[in-house]
Amino acid sequence: MHLSARFFAGLSIFLATAGSCRRNQYIVPGATWYDTSGAVLSAHAGGIVESDGVWYWFGQNERQEDKALFSGINVYSSSDLLNWDYRGRALSPINGTDISPDRVVERPKSVFNAATQEWVLWFHSDNSTYGLLQQGVATSPNVTGPYTFQDVFSPLGGTSQDFGLFQDIDGESYALYSNGDADAAHDNLITRMNANYTNVEEVVYTFFDFDLEAPNMLFTGERYYILMSHKTGYRPNNVVVFSADKIAGPWSIQSYIAPSGTRTFNTQSTMTIKVNGSHAKTFIYCGDQWSTSADLYDSRYVWLPADINDHTGSFTIDWHDLYTVDTKTGVITYPEGTVYEAEHGVVTGSAYATICPTCSGSKIVTGITGNASLALHNIVGTGEPQWVSFYYHNPDGLFGDNRGVSGQSFIIARFASVSVNGAPPVMLRQRDGNAGIILSQPLNVTFNRGGGNTIEISGFNGGPAADLDKIVVYGNIYKD
Ligand SMILES: *[C@@H]1O[C@H](CO)[C@@H](O)[C@H](O)[C@H]1NC(C)=O
Ligand SMILES: *[C@@H]1O[C@H](CO)[C@@H](O)[C@H](O)[C@H]1NC(C)=O
Ligand SMILES: *[C@@H]1O[C@H](CO)[C@@H](O)[C@H](O)[C@H]1NC(C)=O
Ligand SMILES: *[C@@H]1O[C@H](CO)[C@@H](O)[C@H](O)[C@H]1NC(C)=O
Ligand SMILES: *[C@@H]1O[C@H](CO)[C@@H](O)[C@H](O)[C@H]1NC(C)=O
Ligand SMILES: *[C@@H]1O[C@H](CO)[C@@H](O)[C@H](O)[C@H]1NC(C)=O
Ligand SMILES: *[C@@H]1O[C@H](CO)[C@@H](O)[C@H](O)[C@H]1NC(C)=O
């Protein structure tokens, strides 16, 4: 707790100076993302919809300065999936209604209804103790809103926890949700909406007793896939996928979408982007990397291209530090970086290089603490802000998905202190994985132009840092 308080105090200074209208070059999973005005992009547990070549991303506003339980639904737009214009509040709280600031409005998803020519924004609706378990709708003639609040309801008289939405190519739309945690519940439902998308009409499939949440569905043109997470609050777990050739099923058995032990790269499923390009049909998994409930504003987005095989029903993601997607062709490009192995660095104190079967070069540096550091020398830089990915090993969360630690908000992380060319150090959060699992965390670094740069890594505030496998130095953050 002590550590994170210091970390967040430092972070807000960093965020306050990050304003920029420069154009992003890459999608960078796990970094802090900014909109085109330079403000931190706040669109959590979101939904995304494409209209005329523009993507509209809706999500919960969780800005640091907005303390209300419900402070609004933000909407952003982009034509390249890299640079997001803030389009304002799609839905704002109204005192004395079911969307007042002391109520829960979560997991917003918008969909266009051709019959009414209206956009319909759906969300999970609840009171602060999550005892109502309802769904809500708001409508607007314009995709960006502002949406007019219409109603909250108990779907078919039942309960609804979390919320996902899927629109099929035949124009039918479906509400995806769990029926809650009561003894008689623990199911996951796919429920068809009415013709105007203002309520639900018929349950078309039930995953009995699966006890999952955070559903989202996609259609490849051949096969339907539904992703769901386990119920571990803000702690991440192994997201699962089922597939079917009809929405009414039968659905396949479940499988993990990411390597076991990574807890879906520390994320929870929220939405999928479809880029139906001229060369490739590309799907991007979008997960929330939640911070603690007290620091939701620092939750990150992890978007990773999906590898889908309609013949086997396989849907998997692999880690990529950064990439671009051409929204016209659908082609994804993974730029190469320059690798600097930790074992080639200079260690002090208790830090030492040791053998590691899952590491790059089969070596890693362990024992990094507040007074035991690792220095990597002769790093070549551009003189402009660059992305540097730190590949680390933090097995503190060895016991799997749900450690049963007190409070939903407990996130296990180590904190490294990173200093470039002797400058004041910045904090690098290194969230836990499992034994032998190497994860990667990006950092925005400005080196001097040319060779001769040094990065020194130690434990933040005297604590232990994660073991370090390597760093990868990529190109400039911005296009200029
Ligand atoms: C990267 O750091 C530079 C220099 O501090 C800052 O101006 C810029 O806004 C940062 N960009 C991102 C995307 O973090
Ligand atoms: C809504 O209620 C809050 C808290 O009672 C109050 O501070 C705020 O001014 C009210 N807003 C409006 C628009 O009435
Ligand atoms: C939320 O609703 C449930 C069910 O009506 C109720 O038992 C609970 O007291 C409510 N919580 C609050 C904070 O009003
Ligand atoms: C919808 O957008 C159009 C064009 O931008 C604008 O003229 C109109 O006022 C908007 N309608 C609403 C209800 O916001
Ligand atoms: C659906 O929308 C149309 C057009 O707005 C309206 O006339 C009709 O009453 C609505 N139907 C329902 C069931 O709400
Ligand atoms: C992709 O676009 C083509 C051409 O517009 C269309 O026929 C096809 O159904 C689309 N596929 C998906 C999965 O949306
Ligand atoms: C390193 O730091 C720890 C914690 O601050 C301290 O207990 C230990 O004595 C230090 N070790 C050395 C060699 O300075």
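Note that ligands are numbered from 1 as they come in the structure, with each ligand's atoms numbered from 1 the same way. These numbers come from a predicted model, not from an experiment.
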Step-by-step side chain to side chain contact (heavy atoms under 4.5 Å, CB included) determination, I308 to L218: CA-CA 11 Å; I308 301 176; L218 60 116; 4.0 Å; yes
Lys/Arg cation over aromatic Y234: R263, 6.0 Å, 45° cone: no
Polar side chain donor-acceptor pair, Q161 to D181, under 3.5 angstrom: yes
Proximal ligand 6 atoms for T220, defined as those under 4.0 Å from one of its heavy atoms: 13 (C)
Pair listing, salt bridge (charged side-chain N to carboxylate O under 4.0 Å, His left out) test, anchored in residues 84-97, at least two apart: D66-R89
More than 12 heavy atoms from other groups under 6.0 Å of CD on E336: no
Contacts under 3.5 angstrom, residues 45-58 side chains, donor-acceptor by atom type, not counting sequence neighbours:
residue: E50; atom: OE2; partner: G53; partner atom: N; Å: 3.1
residue: W57; atom: NE1; partner: A43; partner atom: O; Å: 3.3

Numbered atoms and elements of ligand 3 in range of L132, under 4.0 angstrom, heavy atoms: 2 (O), 5 (O)
Six-ring centre of F283, K274 cation under 6.0 angstrom, axis tolerance 45°: no
Element-labelled atoms of ligand 6 that are located less than 4.0 Å from some non-hydrogen atom of K281: 13 (C)
Atom indices of ligand 3 within 4.0 angstrom of S128 heavy atoms, with elements: 13 (C)
Please report, to 0.1 Å, the donor-acceptor pairs under 3.5 Å made by any side chain of residues 190-197, with sequence neighbours excluded.
residue: T191; atom: OG1; partner: Y177; partner atom: OH; Å: 2.9
residue: R192; atom: NH1; partner: E201; partner atom: OE1; Å: 3.1
residue: R192; atom: NH2; partner: E202; partner atom: OE1; Å: 2.7
residue: N194; atom: OD1; partner: N196; partner atom: N; Å: 3.1
residue: N194; atom: OD1; partner: Y197; partner atom: N; Å: 2.7
residue: N194; atom: OD1; partner: T198; partner atom: N; Å: 2.9
residue: N194; atom: ND2; partner: T198; partner atom: OG1; Å: 3.0
residue: Y197; atom: OH; partner: Q167; partner atom: NE2; Å: 3.0
residue: Y197; atom: OH; partner: G171; partner atom: O; Å: 2.2
residue: Y197; atom: OH; partner: S173; partner atom: OG; Å: 3.3

Ligand 5: protein residues within heavy-atom distance under 4.0 Å: T116, N196
